[in-house]
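Here's the structure, in structure tokens; my notes come after.
The shown structure was predicted, so the numbers you read here are calculated from the model rather than taken from an experiment. First listed ligand is number 1; within each ligand, the first listed atom is number 1.
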Amino acid sequence: MKSHSQVVVIGGGVVGCSVLYHLTSLGWKDVVLCERKDLTAGSSWHAAGAIHALNADAAMARLQAYTVGLYRELELVSGQNVGLHYPGGLNVAATKERLDLLRGEVARHRTLGLNTSLVGPQEIRELCPIMDTTGVLGAIWDPMEGHLDPAGATYAFATAARRGGAEIYRHTRVLELRGTGKGSWLVVTNQGDIEAEHVVNAGGLWAREVGHMVGVELPLVPMEHHYLITEDLPELARATRELPVVVDLDGEMYMRQERRGVLLGVYETPATPWAIGGTCWDYGETELLPPDLERLTEALEKGFARFPALHAAGIRRVVNGPFTFTPDGNPLVGPVPGVPNYWAACGVMAGFCQGGGVGLALATWITRGEPDGDVLSLDVARFGSYATKAYVLEKAAEFYSRRFRIAYPNEYWPAGRPSKTSALHGRLTARRAIHGVSYGLEYPLYFAPSTEPAEERPSLRRSNAFGPVGAECRAARTTAGVLDASSFSRFEFSGPAAEDALDRILAGKLPEVGRARLTPMLARSGRLMGDLTTVRVADDRFLLFGSGYLQDWHLRWFREHLPPAGVTVRNLSDNWGGIALFGPKSREALARVTSEDVGPGAFPFMCARMMEVGLAPALVMRLSVTGELGFEVHAPQIYLGSIYDRLMEVSADLGLADVGMYALLALRIEKGFGIWSREFSSDYTAAESGLARFVAYDKPAFVGRDAALRQREAPPQRRLVLLEVEDADADARFYEPVWAGEEQVGFVTSAAYGHTCGRSLAMGYLASHAAREDNPLELTVLGERHACRVLDEPPVDPHGARMRA
Ligand SMILES: Cc1cc2nc3c(=O)[nH]c(=O)nc-3n(C[C@H](O)[C@H](O)[C@H](O)COP(=O)(O)OP(=O)(O)OC[C@H]3O[C@@H](n4cnc5c(N)ncnc54)[C@H](O)[C@@H]3O)c2cc1C
């Protein structure tokens with residue numbers, strides 16, 4: 001056994017072996033893996049082995065497509081057969097809504113590089129003759145779906161890694177991780193100790209325990225899962241082609257051929273969490289859990305109805321095994337915040353669909369210092385302290401039971417709610433606010449009129465929120481709107497080195513005292529890392545505002561780039577809240593609750609000042625996401641209620657209206673303002689996204705400067721545009737393709753109906769050559785093409801006169 005290694009991967013399941021292989025393929029040879037028993041001794045050996053790329057989350061779909069496509073190459077590199085079958089796969093819809101969803105998904109797949117198509121019941125019967133297609137309306141056909149031998153695939157990764165120079169120590173259990181004080185780890189095992197520069201937690205069912213070794217509670221929990229394998233079916237005895245893998249989305253089951261029988265797996269309700277308090281070290285290798293078919297009766301009945309041949313078939317084997325789930329079902333990957341050189345590669349609920357991509361993402365991150373593009377939806381830092389064990393249990397169980405349900409874009413699932421509420425939550429609920437949730441925090445989406453039920457109906461099209469949101473938008477453009485903006489993140493940087501540190505971390509110019517600035521943040525590759533608003537409160541004190549759900553992601557980044565002394569960073573996000581006030585009468589409303597002069601001369605655009613608002617000390621900024629004259633009032637949560645009450649009390653005659661996040665998002669799109677995770681993310685550079693105008697290229701040093709300068713020299717291949725869409729009765733969502741004839745020239749990043757201009761609008765990235773106003777384009781909404789055109793200027797207040805008024 002080596003005494004020193006660049007990386008020790010803990011866990012020899014499919015994920016750990018894939019991480020090890022990808023480290024070697026990216027050139028790191030001095031890497032080892034410790035497995036407490038034999039490889040596959042966790043969840044990996046008893047998986048059903050189905051592989052598919054389809055996932056409603058775009059980043060996950062890309063990652064899965066990479067994984068599914070990797071196995072042929074893996075067979076070549078390892079010389080090992082992985083039992084690969086690609087009979088193709090059907091994702092079946094039995095409701096009109098589901099079919100609409102699938103139609104939309106097929107269009108999005110173009111953008112994601114997946115080659116899928118929609119097929120009807122007749123084709124489904126031809127592809128899968130044992131299916132009863134009663135009620136089936138259509139399906140997505142994906143030729144790249146299939147199945148493999150789980151142990152074969154895990155061993156193939158291991159063999160390929162060994163060929164690349166890695167070492168694997170079996171029957172080597174990691175007992176303890178001790179920091180050496182030099183940034184490395186002493187990995188203490190039952191076979192001896194290894195000093196490692198980096199440690200990867202790929203502990204699967206034991207990832208929580210491997211987290212405890214460094215004092216972290218990773219947000220995952222195992223769930224029991226059953227599948228059964230039938231005896232041979234006479235219907236398949238003489239079949240000349242293998243059945244496709246079938247996922248019956250409305251029946252919540254999956255089926256594939258296993259020799260001349262079938263394998264049927266179900267996601268039943270309610271889910272059954274396993275080993276909630278921790279996984280016993282003795283479990284695994286050959287053990288399974290006792291089957292409980294009674295619990296599955298309802299789910300199995302649906303399965304047998306869809307595949308009637310199963311009624312007559314004997315059951316050869318029932319498998320009940322545990323595997324891990326996170327609150328949103330996505331893996332936990334990346335540097336664990338607060339624990340340098342300790343990386344997560346766990347919480348992977350579909351290791352054979354996702355393990356390859358997880359391995360590539362993590363190995364790229366370790367060897368090159370950053371992942372290749374936006375991986376936020378699998379980043380371990382997307383969860384914060386709100387993800388308590390109780391929360392994780394509720395959400396993960398909910399995800400399991402809803403694994404195949406339609407995830408409507410306007411739906412917020414109920415488990416784990418409410419957890420965090422702002423001081424305004426009760427008041428706004430009483431005023432009929434419909435809340436969504438982000439990072440555990442409830443925030444208002446819109447306000448239901450008293451004539452309607454206080455509930456938004458899930459829909460792929462415009463929902464019952466459309467009318468009320470329109471009214472909120474009109475109020476914001478004609479009188480004034482008020483919004484609970486507590487869901488923003490707020491960081492305070494203070495100390496003698498704060499200015500120098502921020503000047504290096506942020507790519508934008510720092511503001512003067514009493515001013516605010518939009519300051520992009522870049523990775524070394526020049527990709528975007530943030531679109532923060534920076535306020536300088538004093539020479540040595542700054543407040544930074546961003547998206548609330550990025551708190552831990554940004555904190556991790558700040559900590560990685562801070563000097564060793566001279567700066568204190570505090571995360572104020574949970575303790576502070578905010579109220580956004582916008583619209584032509586917003587200044588008058590603010591003036592009524594403060595004695596300060598907030599007139600245009602004394603308080604110009606991008607001004608920021610501490611002042612009393614009502615009875616409260618608050619930071620007031622003059623800026624605008626809506627494009628209107630606007631202000632943000634930020635204060636400790638304990639004051640938020642009194643600020644809101646005073647505002648509403650004294651401004652009733654001004655027509656001040658409660659506004660939710662839906663209206664804000666529609667208002668900002670009328671101005672062509674981008675937001676994080678849509679127009680801005682680590683997939684894009686400053687030059688592509690239009691944020692280059694906020695980058696201070698003349699600063700002598702900042703993170704990402706060299707790359708940003710290079711990117712500025714070559715004109716970007718694509719650029720962010722605002723589009724107007726014709727005749728749409730639904731709005732695009734995300735990643736729908738934009739066409740010039742039959743050529744896909746771009747994709748949508750977000751869309752909304754512009755209630756002021758009366759048009760459906762979308763934003764997206766287009767190939768630079770196609771991004772011209774006179775270019776006739778089309779955009780796919782729910783599978784149907786609509787004419788659209790680039791708008792060279794926003795349809796509302798194109799020169800920004802209102803927000804600068
Ligand atoms: C019934 C069932 C059906 C499934 N079907 C599919 C499917 O069809 N398709 C699909 O993609 N996925 C499927 N899965 C999920 C899949 O099995 C898992 O996603 C995958 O196995 C997770 O792999 P892993 O490497 O993260 O974890 P694991 O396989 O649990 O591996 C973790 C490894 O770490 C080792 N380890 C832990 N702690 C230590 C330590 N301290 N020291 C040394 N070693 C340690 C363990 O011994 C273990 O071998 C299924 C799962 C089940 C239970």
task = Measure up the Phe404 and Tyr254 rings against each other and bin them: parallel (under 30°), tilted (30 to 60°), perpendicular (over 60°).
result = perpendicular
task = Would you check if the side chain of Trp28 reaches a backbone N or O of Ala166 as a donor-acceptor pair within less than 3.5 Å?
result = no
ask   = Looking at atom 9 (N) of ligand 1, what's its closest protein heavy atom, distance included?
value = Ala50 O, 2.9 Å
remark   = The closest protein heavy-atom partner of atom 26 (O) of ligand 1 is Val15 CG2, 3.3 Å
task = Let me see the working for Phe383 and Trp553 under ring-ring contact (aromatic ring centres under 6.0 Å, His included), right down to the final yes or no.
result = CA-CA 9 Å; Phe383 294 109; Trp553 193 68; over 10 Å; no
query = Hey, is Cys346 one of the residues with a heavy atom under 4.0 angstrom from ligand 1?
reply = no
key: salt_bridge(Glu268, Arg295) N-O dist < 4.0 Å   = yes
Per-atom contacts of ligand 1 with His225, taking only distances under 4.0 Å to non-hydrogen atoms = 1 (C), 2 (C), 3 (C)
key: For Val348, atoms of ligand 1 separated by under 4.0 Å from a heavy atom   = 18 (C), 19 (O), 22 (C)
ask   = Does the side chain of Asp57 pick up a donor-acceptor pair with the side chain of Ser377 at under 3.5 Å?
value = yes
key: Tyr227 and ligand 1 - part of the residue with a heavy-atom distance under 4.0 Å   = side chain
Backbone or side-chain N or O of Ile10 under 3.5 Å from ligand 1 N or O = no
key: Heteroatom distance test (Val14, ligand 1): nitrogen or oxygen, under 3.5 angstrom   = yes
